[in-house]
Engineer: 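Got a structure for you, written out below as structure tokens; questions coming shortly.
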Amino acid sequence: MAIIRRRRIILAASLAALLAMLVSRGFSAPQEQLVYHPIKTDAGGKIVPWYSPDPGEAYNAMILKIWHFWKNMKSCPNGVKYYLQHQVWDDPGEDPRGLGGDQLAMALSSWNLLYAYTGDRSIVENMQFIADYYIAHGLSKPTALWPNLFYPYNMELHSGVYDGDMRAGKNVLQPDKAASLAAELITLYKITGNAKYLQTAVAVADTLAKKITPGDQDHPPWPYRVNAETGEVKFSY
């Protein structure tokens, strides 16, 4: 037992000597990180933004970085912007999934707020670019049973068109997603004065008004998923 104790003492002393030598030569343990950046704290030990201890300055820098990333995002092999065809970022390569439900409506909503914050007209130009593309490539046919509504998904990843639902298949749309996009188009009309956005939103509203049914806690006024061509309900709340 005495031999074991001596060995432990010698080992502890050796480790202490090694640590002292590393410190004397400028070595230290890696600083703890939060995702990609070393954690910074204030005098009270509370975490502060890595960019700047001033929350306003850090907030401004971060949202502008996000906008710069979006504005300069790569295009897909067919020349269409990555964010118009994918729901998940991947680089290098491309994620195999297409667009995500309310993705473009949420983008328009976010950029409306960012434009109000910055006054940068290039943000409005991007909003118009998104809206114009979706209007040109994502509406159900005027002759469909559920006409003039936006499809939420591109069934063939790089087809450049939206023509169905990720889970329920081709020609299936989600009326609530079409409504949220139409609401953003009304906002865009107010910003730009372009009547196309208002007319498209009105066409969406007309279809939804014609298709509304009495609802209750178990039955919504519109189906969650419906085949625009046949009217078949694929899934309800």
Engineer: Any side-chain heavy atom of Asn112 sitting closer than 4.5 Å to one from Met127?
Structural biologist: yes
Engineer: In terms of hydrophobic clusters joined by side-chain contacts under 4.5 Å, are Trp111 and Phe69 together?
Structural biologist: yes
Engineer: Find out whether Tyr153 and Gln87 are in side-chain contact, i.e. whether some heavy atom of one side chain is under 4.5 Å from a heavy atom of the other.
Structural biologist: yes
Engineer: If the condition is side chain to side chain contact (heavy atoms under 4.5 Å, CB included), which residues does His158 pass it with, not counting sequence neighbours?
Structural biologist: Cys76, Pro77, Asn78, Gln85, His86, Glu94
Engineer: Is any side-chain heavy atom of Tyr36 closer than 4.5 Å to a side-chain heavy atom of Trp50?
Structural biologist: no
Engineer: Who are the side-chain hydrogen bond (donor to acceptor under 3.5 Å, both in side chains) partners of Lys196, not counting sequence neighbours?
Structural biologist: Asp132
Engineer: Can you list everything that forms a salt bridge (Lys or Arg N to Asp or Glu O under 4.0 Å) with Asp206? Sequence neighbours excluded, please.
Structural biologist: none
Engineer: Roughly how far, to the nearest 0.5 Å, is CG of Asp176 from CG of Leu181?
Structural biologist: 11.5 Å
Engineer: Can you name the nearest heavy-atom pair linking Ala131 to Leu185, along with the distance?
Structural biologist: CB-CD2, 3.7 Å
Engineer: Any salt bridge between Asp102 and Lys177, counting N to O under 4.0 Å?
Structural biologist: no
Engineer: Distance from Gln199 atom CD to Ile135 atom CD1, nearest 0.5 Å?
Structural biologist: 9.5 Å
Engineer: Please list all pairs passing the side chain to side chain donor-acceptor pair (under 3.5 Å) test where one or both residues lie in residues 184-194, with sequence neighbours left out.
Structural biologist: none
Engineer: Who passes salt bridge (Lys or Arg N to Asp or Glu O under 4.0 Å) against Glu229, sequence neighbours left out?
Structural biologist: none
Engineer: Not counting sequence neighbours, which residues clear side-chain hydrogen bond (donor to acceptor under 3.5 Å, both in side chains) with Lys74? List them please.
Structural biologist: Asp91
Engineer: For Asp90 and Gly93, indicate whether the former's side chain and the latter's backbone hold a donor-acceptor pair under 3.5 Å.
Structural biologist: no
Engineer: Please list, chain by chain and in numerical order, all residues satisfying side chain to side chain contact (heavy atoms under 4.5 Å, CB included) with Leu99, sequence neighbours excluded.
Structural biologist: Gln103, Leu104, Tyr134, Asn154, Tyr162
Engineer: Where do Phe150 and Thr200 land on the side-chain contact (heavy atoms from CB on, under 4.5 Å) test, with the steps shown first?
Structural biologist: CA-CA 10 Å; Phe150 291 98; Thr200 303; 3.7 Å; yes
Engineer: Over all heavy atoms of both residues, which pair between Pro175 and Leu173 is shortest? Give the atoms and the distance, please.
Structural biologist: CD-O, 3.7 Å
Engineer: Would you say Leu114 ends up clustered with Tyr51 if hydrophobic residues are merged whenever their side chains have heavy atoms under 4.5 Å apart, either directly or through other cluster members?
Structural biologist: no
Engineer: Starting from Ile130, can I reach Leu198 by hopping between I/L/V/M/F/W/Y residues whose side chains sit under 4.5 Å apart?
Structural biologist: yes
Engineer: What are the two closest non-hydrogen atoms of Asp163 and Lys170, and how far apart are they?
Structural biologist: OD2-NZ, 3.1 Å
Engineer: Do Pro53 and Asp42 touch side chain to side chain, with heavy atoms closer than 4.5 Å?
Structural biologist: no
Engineer: For the backbone of Glu57 and the side chain of Ser52, can you confirm whether one donor and one acceptor N or O come within less than 3.5 Å of each other?
Structural biologist: no
Engineer: Consider only side-chain N and O atoms of Asp120 and Ser122, and report whether a donor and an acceptor are under 3.5 Å apart.
Structural biologist: yes
Engineer: Considering residues at least two apart in sequence or located in another chain, which fulfil the salt bridge (Lys or Arg N to Asp or Glu O under 4.0 Å) criterion with Lys71?
Structural biologist: none
Engineer: Over 60° means perpendicular and under 30° means parallel, so classify the ring planes of Tyr133 and Phe129, tilted if in between.
Structural biologist: tilted
Engineer: Using the side-chain hydrogen bond (donor to acceptor under 3.5 Å, both in side chains) criterion, which residues pair with Tyr117? Sequence neighbours excluded.
Structural biologist: Asn60
Engineer: Test your reading of the model: is there a side-chain donor-acceptor pair from Asn227 to the backbone of Gly231, 3.5 Å cut-off?
Structural biologist: no
Engineer: How far apart are the C-alpha atoms of Asn126 and Trp67, what are their side-chain angles, what is the distance that settles it, and do they pass the side-chain hydrogen bond (donor to acceptor under 3.5 Å, both in side chains) test?
Structural biologist: CA-CA 10 Å; Asn126 187 256; Trp67 164 242; over 6 Å; no
Engineer: Is Tyr224 close to Asp165 at the side-chain level, that is, under 4.5 Å between some pair of heavy atoms?
Structural biologist: no
Engineer: Under a 4.5 Å cut-off applied to non-hydrogen side-chain atoms, are Met73 and Trp89 in contact?
Structural biologist: yes
Engineer: Could you pull out all residues at least two apart from Asp95 that satisfy salt bridge (Lys or Arg N to Asp or Glu O under 4.0 Å)?
Structural biologist: Arg97
Engineer: How far apart are the closest heavy atoms of Ala168 and Arg225, and which atoms are they?
Structural biologist: CB-CD, 3.6 Å
Engineer: For residues Val204 and Ala178, report the shortest heavy-atom separation together with the two atoms involved.
Structural biologist: CG1-O, 3.8 Å
Engineer: Of the non-hydrogen atoms in Val88 and Tyr82, which two are nearest, and what is the gap between them?
Structural biologist: O-OH, 2.7 Å
Engineer: Taking only residues two or more places apart in sequence or in another chain, which ones pass side-chain hydrogen bond (donor to acceptor under 3.5 Å, both in side chains) with Lys40?
Structural biologist: none
Engineer: Are side-chain heavy atoms of Thr41 and Val48 found at a separation under 4.5 Å?
Structural biologist: no
Engineer: Supply the atom-to-atom distance Gln128 CD to Leu188 CG, rounded to the nearest 0.5 angstrom.
Structural biologist: 5.5 Å
Engineer: Without placing hydrogens or testing angles, list every side-chain donor-acceptor pair under 3.5 Å for residues 142-149, not counting sequence neighbours.
Structural biologist:
none

Engineer: With heavy-atom distances below 4.5 Å as the criterion, would you say the side chains of Thr118 and Leu64 are in contact?
Structural biologist: yes
